[in-house]
Amino acid sequence: MTGSRPAASFTADDYRTRMERAARAAADAGLAGLLVAPGPDLVWLTGYAPTADTERLTLLVLAPGRDPVLVVPALEAPDAAKAAGAPVLTLRDWTDGKDPYAATAALLDGSGRLGISDNAWAMHLLALQRTLPDTSYASLTEALPMLRAVKDAAELELLTAAGAAADAAFEEIRQVRFGGRRESEVAADLADLLRRFGHSQVDFTIVASGPNGANPHHEVGDRVIEHGDMVVLDFGGLKDGYGSDTSRTVHVGEPTDEERRVHDLVREAQEAGFRAVRPGAACQDVDRAARAVIADAGYGEYFIHRTGHGIGVTTHEPPYMIEGEEQPLVPGMCFSVEPGVYLPGRFGVRIEDIVTVTPDGGRRLNDTTREMVVVE
């Protein structure tokens, strides 16, 4: 694929900028600092992903006006030192038999409110609370939900490449035979195609045929796909560290008039959601625009999920396109627009693109046809 930029090419300065931005955001939110455990936030802030998920404490400490410090087990310090962001932070290692919580506590305001990664281990948080009983904590999703939401130019390039790779997988899968094969077989084909087009990680390959399509998160099974089935395809993963996620609904043989009408309705709703994307609009405006089309056609009770979710170093993250979310859209945000209609016991339809906010509207990162595709 052209235009791809390996995540490893982010520089130490890129990570410095992110850590400084995170520390400022923490201060603006009234936090005394941030504690970032291994996971997506740590990768985004430092480029470091421990090779093993162990019980030993690893924690990035960010505080306004202080240099960032990564507390890391001594046996993993050599790997941490190789991370792209390591040159702009201090590594503080600890050895087995020592107290890592005391070492971490020395870096913190002993009476402040701290943000902590959602995926931090409870044993680590509880130990810090015992060491610093006057501190309090808030999850990063609660305290700084938009921390990773606005992508820079390099991140947008990577997301664009991931979207193009997912599109290439769809163009290939629409050529294979569906009828007479198990959902699991088509799902395996999709996973292979995502890897062939550059994905290092496949997060999901939903193949929901016939009545299974009425379940938005159907687990792929051994149902044999039949002639006359509508089939919802929803697939994505990570390419060069950034996510893809797209949905298309195909039909095995010619659809009925009703099936075509429902598909066209979802396509119109998806277009309405996309056209609602612009700087300053609220996230809920995208949901409202897509939902209104479906509700006005009498199918509102069959659209049973939010219209979209953010995407970046994970395939699902803030912001969310859902009623009640008043967060304004900002250029550089990336999220899905994926309305659907799900008729229990019969069939479902979903059409999904990843969209980024531009200075004057939105831009799709998926560009395969949204018209009905007939497969064999």
Side-chain angles (χ1 to χ4, degrees), residues 163 166-167 169-171 173-176 178-179 183 186 190 206-218 225-236 245-278 284-309 321-323 335-355 361-376:
D167 282 359
F170 176 72
E171 294 294 358
I173 201 70
R174 63 182 287 188
Q175 306 301 325
V176 309
F178 280 68
E183 291 176 343
V186 177
L190 261 177
I206 294 174
V207 178
S209 61
N212 289 340
N215 177 0
H217 281 173
H218 169 64
I225 301 170
E226 301 175 357
H227 185 84
D229 278 349
M230 197 85 89
V231 185
V232 179
L233 305 174
D234 185 347
F235 51 97
D245 185 2
T246 188
S247 300
R248 294 292 186 264
T249 303
V250 302
H251 197 276
V252 186
E254 287 299 320
T256 65
D257 289 345
E258 181 191 20
E259 288 169 333
R260 191 174 291 280
R261 184 170 66 251
V262 172
H263 189 280
D264 287 347
L265 173 65
V266 173
R267 180 172 52 80
E268 291 167 12
Q270 207 267 349
E271 177 68 18
F274 168 69
R275 292 192 178 279
V277 175
R278 62 185 183 280
Q284 68 179 4
D285 292 341
V286 178
D287 182 83
R288 288 174 174 177
R291 198 168 299 276
V293 173
I294 292 173
D296 289 349
Y299 288 87
E301 66 183 294
Y302 303 113
F303 181 9
I304 56 178
H305 56 72
R306 64 196 176 203
T307 293
H309 58 81
M321 307 301 113
I322 189 171
E323 180 65 32
F335 48 84
S336 65
V337 178
E338 50 177 306
V341 168
Y342 307 94
L343 303 179
R346 301 183 62 205
F347 65 88
V349 177
R350 182 165 63 257
I351 299 173
E352 173 186 15
D353 295 324
I354 299 301
V355 173
R363 174 171 66 90
R364 286 183 165 104
L365 303 189
N366 297 104
D367 201 29
T368 55
T369 183
R370 295 164 201 93
E371 301 288 340
M372 173 74 77
V373 170
V374 175
V375 297
E376 296 184 357

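Since the model is a prediction, treat every value here as computed from it, not as a measurement.
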### Task
Tell me, with the steps shown, if E254 and V374 meet side chain to side chain contact (heavy atoms under 4.5 Å, CB included).
CA-CA 6 Å; E254 287 299 320; V374 175; 4.0 Å; yes
### Stepwise side chain to side chain contact (heavy atoms under 4.5 Å, CB included) test for F170 and T246
CA-CA 9 Å; F170 176 72; T246 188; 5.6 Å; no
### Task
Check step by step if salt bridge (charged side-chain N to carboxylate O under 4.0 Å, His left out) holds for E271 and R267.
CA-CA 6 Å; E271 177 68 18; R267 180 172 52 80; over 6 Å; no
### Task
Please lay out, stage by stage, how L343 and Y299 fare under the test side chain to side chain contact (heavy atoms under 4.5 Å, CB included).
CA-CA 9 Å; L343 303 179; Y299 288 87; 4.1 Å; yes
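Across all their heavy atoms, E371 and H263 have their closest contact at C-CE1, 3.6 Å. Shortest non-hydrogen contact noted between R291 and R306 is NH2-CA, 4.0 Å. A pairwise comparison of heavy atoms in D167 and D367 identifies OD2-N, 2.7 Å as the closest pair. Heavy atoms only, all atoms of each residue included: G345 and A214 are closest at N-CB, 4.3 Å. Summarising the geometry of P339 relative to I294, their closest heavy-atom pair is CB-CD1, 4.0 Å, with the distance given to 0.1 Å. Between G348 and M230, the shortest heavy-atom contact is O-CG, 3.6 Å.
Between atom CD1 of residue I206 and atom CZ of residue R350 there is a gap of 5.5 Å, rounded to the nearest 0.5 Å. Rounding to the nearest 0.5 Å places CG of N212 at 9.5 Å from CD1 of I225. We find the CD-CG distance between E338 and D245 to be 6.0 Å, quoted to the nearest 0.5 Å. Considering CD1 of I351 and CG of D234, their distance stands at 12.0 Å, rounded to 0.5 Å. How far CZ of F347 is from CD of E259: 5.0 Å, rounded to the nearest 0.5 Å. Between R278 atom CZ and D285 atom CG the span is 6.0 Å, to the nearest 0.5 Å.
For the pair R174/T369, a side-chain contact is recorded, criterion being any heavy-atom separation below 4.5 Å from C-beta on. For the pair I173/F178, a side-chain contact is recorded, criterion being any heavy-atom separation below 4.5 Å from C-beta on. Side-chain contact between F303 and V266: absent, with no pair of heavy atoms (C-beta onward) separated by less than 4.5 Å. Between V207 and L233 there is a side-chain heavy-atom pair separated by less than 4.5 Å. Side-chain contact between H218 and E183 is present, with heavy atoms from C-beta onward closer than 4.5 Å.
Judged purely by atom type and a 3.5 angstrom limit, D287 uses its side chain to pair as donor or acceptor with the backbone of T307. Between the E171 side chain and the T368 main chain, no donor and acceptor come within less than 3.5 Å of each other. With hydrogens and angles ignored, the 3.5 Å screen pairs a side-chain donor or acceptor of N366 with a backbone N or O of I354. Under the 3.5 Å distance criterion, the side-chain polar atoms of E352 are left unmatched by any main-chain donor or acceptor of S336.
With sequence neighbours left out, H251 forms a ring-ring contact (aromatic ring centres under 6.0 Å, His included) with no residue at all.
Of the charged side-chain nitrogens involved, none lies within less than 4.0 Å of a carboxylate oxygen, so that D353 and R363 do not count as a salt-bridged pair.
The environment of E376 atom CD is sparse: at most 12 non-hydrogen atoms of other residues, nucleotides or ligands sit within 6.0 angstrom.
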